[in-house]
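Values below: every heavy atom of this structure, side chains too, minus hydrogens, waters and symmetry copies.
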Number of protein chains: 2
Amino acid sequence: MLPELDPDMFDPLCPSSALPIQIGDKWTGMIVLCLEHGRRRFNEIKVPLRGITSKVLSETLRAMERDGLVVRTAYPENPPRVEYELTPLGRTLLTLIDAARTWSRAHLPTLLDARQAYEAGLTGQPVPPVTSPDR
Amino acid sequence: MLPELDPDMFDPLCPSSALPIQIGDKWTGMIVLCLEHGRRRFNEIKVPLRGITSKVLSETLRAMERDGLVVRTAYPENPPRVEYELTPLGRTLLTLIDAARTWSRAHLPTLLDARQAYEAGLTGQPVPPVTSPDR
DNA sequence: CTGGATCCACGCCGATACTG
DNA sequence: CAGTATCGGCGTGGATCCAG
């Protein structure tokens with residue numbers, strides 16, 4: 001069977017929120033990553049998505065289903081079981097996510113440095129020089 | 001001198017708003033594209049950005065300056081003149097925008113088809129089959 | 001377990017008016 | 001020309017409760 005999702009697969013301390021690239025809405029990119037290695041159940045996806053509510057998760061998944069990014073399979077059991085899986089179209093987003101990650105590794109520190117320098121400049125604090133690949 | 005920006009460089013009928021990829025906030029990606037071929041003045045950028053208000057444009061530009069994506073140069077003249085230019089860091093976003101465009105050419109029609117089929121399904125209308133690279 | 005239904009807080013951003 | 005100031009709508013998404 002598929003290994004379980006790492007609850008910490010999205011490090012809350014990772015500054016990805018500063019990333020100038022976004023895949024879909026707030027959660028879509030992370031959901032794609034959750035489904036990367038195979039189908040997952042609703043509550044399984046929910047775990048790494050620290051604090052997403054059921055409402056928002058089901059809304060996001062339905063929007064993704066509507067756009068043909070995932071397929072939803074409901075089993076008429078009790079308790080109910082529903083599984084989500086990436087479509088080939090959904091899988092094409094993985095390459096974009098990868099591009100975003102590559103960019104982020106190469107350039108996000110530079111952006112963060114610039115932001116910090118800018119804000120220090122506003123408060124009149126002199127800023128120690130930084131060395132980054134760009135700039 | 002640099003040729004003027006095409007007022008229609010962002011076709012309002014282009015379904016790019018359905019794109020599941022976004023660079024920065026709502027306008028950042030388009031601003032980067034406006035600055036691709038050289039420095040531009042405030043009102044010059046404003047033209048292709050159909051309907052952006054001065055307030056939002058200056059806010060967006062200041063955020064981009066803060067993040068080290070553009071440099072702002074003000075000339076102490078009258079009337080005032082201000083120019084914006086991409087930094088090397090800002091230029092790195094061009095490759096990402098290109099990746100998004102490539103994805104869009106290859107897969108956005110599929111996504112739009114799926115969306116249309118989904119919504120037709122909701123209204124009980126049968127949907128004529130479509131042929132797209134994915135799915 | 002997998003959501004739907006409601007209510008609400010917040011932030012983006014557009015409209016409008018004004019300024020150096 | 002290049003902004004700033006202020007107001008407000010509207011949509012996203014969080015909290016909470018409820019249901020099959």
Review point. Distance from A:D25 atom CG to B:Q22 atom CD, nearest 0.5 Å?
Key: 10.5 Å
Check your understanding: Given atom CD of A:E59 and atom P of D:dG11, what is their separation to the nearest angstrom?
Key -> 14 Å
Revision key, fill the gap. Rounded to whole Å, the CZ-P distance (B:R72 to D:dC1) equals 16 Å
Check your understanding: In terms of side-chain heavy atoms of A:N43, which of C:dT2, D:dT6, D:dA2 is nearest?
Key -> C:dT2
Review point. More than 12 non-hydrogen atoms from neighbouring residues, nucleotides or ligands closer than 6.0 Å to CD on B:E77, yes or no?
Key: yes
Point to revise | Pairwise distance CZ(A:R72) to CG(A:L61) - rounded to 0.5 angstrom | key: 9.0 Å
Review point. Would you say A:R50 reaches D:dG14's phosphate, i.e. side-chain N/O to OP1/OP2 under 4.0 Å?
Key: no
Check your understanding: Side chain of B:K55: nearest nucleotide among D:dT6, D:dG3, D:dG13?
Key -> D:dT6
Review point. Quick one: side chain to side chain donor-acceptor pair (under 3.5 Å) pairs with a partner in residues 56-67 of chain A, sequence neighbours left out?
Key: A:D67-B:R115
Point to revise | Short side-chain N/O contact to D:dC1 OP1/OP2 from B:R41, under 4.0 Å | key: no
Check your understanding: Below 4.0 angstrom from OP1 or OP2 of C:dG4, is there any side-chain N or O of A:R62?
Key -> yes
Point to revise | Value rounded to 0.5 Å, distance of CG in A:L69 from OG1 in A:T28 | key: 7.5 Å
Review point. How far does SG of B:C14 sit from CG of B:L108, to the nearest 0.5 angstrom?
Key: 7.5 Å
Practice item. Report the distance from atom OH of A:Y84 to atom CG of A:L57, rounding to the nearest 0.5 Å. Key: 7.0 Å
Check your understanding: Is A:Y75 touching bases, backbone alone, or none of the nucleic acid, heavy atoms closer than 4.0 Å?
Key -> nothing
Practice item. Quickly work out the A:R40 CZ to C:dC1 P distance and round it to whole Å. Key: 17 Å
Review point. To the nearest Å, how far apart are A:N78 CG and D:dG20 P?
Key: 13 Å
**Study point:** Between D:dA2 (P) and B:E77 (CD): distance, integer Å
**Key:** 10 Å
Point to revise | Near-strand residues of residues 23-38 of chain B, defined as heavy-atom separation under 4.0 angstrom from DNA chain C | key: B:D25, B:K26, B:W27
Point to revise | Length of the OH-P vector between B:Y84 and D:dC1, whole Å | key: 14 Å
**Study point:** Side-chain N,O (A:S58) to OP1/OP2 (C:dG4) below 4.0 Å
**Key:** yes
Exercise for review: Identify which nucleotide among C:dC1, C:dG3, D:dA2 has an atom closest to any side-chain atom of A:V82, counting heavy atoms from C-beta outward.
Suggested key: C:dG3
Review point. Just how far is it from atom OG of B:S16 to atom CG of B:D11, taken to the nearest 0.5 Å?
Key: 8.5 Å
Review point. Where the side chain of A:P79 is concerned, which of C:dG3, C:dC1, D:dA2 is the nearest nucleotide?
Key: C:dC1
Study note, to complete from the structure: From CG of A:L61 across to C1' of D:dG13 the rounded distance in Å is 15 Å
Point to revise | Atom pair distance, as rounded to whole Å: CG in B:L49 and P in C:dC13 | key: 12 Å
Check your understanding: When you match A:G51 and A:P80 each to their closest nucleotide on DNA chain D, which lands nearer the 5' end?
Key -> A:G51
